[in-house]
Amino acid sequence: FEEVLIDYDAASNWVNWANGAGVTARDGRLRRFDVVGQSKRYDRDGGYVRSWCPELQDVPDEFVHAPWRMDKAVAGGCG
């Protein structure tokens with residue numbers, strides 16, 4: 001990718017990509033991408049998640065974004 005950039009600068013580009021990915025502590029706080037939170041916010045019914053993870057098709061809506069939180073009884077009923 002870097003070969004096609006006209007203004008490529010290793011230090012500048014690598015730090016900016018890392019900052020954009022949220023893995024730097026630029027202003028004193030470490031940013032982390034909250035995958036479960038984003039999923040709940042933008043895919044409330046789990047339709048998108050289920051389209052890419054067919055294993056979650058029968059998982060109840062309340063657990064589709066965090067299936068590891070299901071107890072064994074609920075998980076067993078999901079296939």
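Heads up: numbering here begins at 1 and tracks the sequence.
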Is it possible for you to say whether V49 and V74 belong to one hydrophobic cluster, with membership spreading through side-chain heavy-atom contacts below 4.5 Å?
-> yes
N/O donor-acceptor pair under 3.5 Å between D71 side chain and A75 backbone | no
Pairwise distance CE(M70) to CZ(F63) - rounded to 0.5 angstrom = 7.0 Å
Any C78 side-chain heavy atom under 4.5 Å of P60 side chain | yes
Could R50 and D61 be called an ion pair, given the rule that one side-chain N must be under 4.0 Å from one carboxylate O?
-> yes
Identify the two heavy atoms, one from G46 and one from V64, that lie closest to each other, and give their separation to 0.1 Å.
-> CA-CG1, 3.9 Å
Donor-acceptor contact present, side-chain S51 to main-chain Y48, <3.5 Å | yes
Could you give the distance from NE2 (H65) to CD (Q38), rounded to the nearest 0.5 Å?
-> 11.5 Å
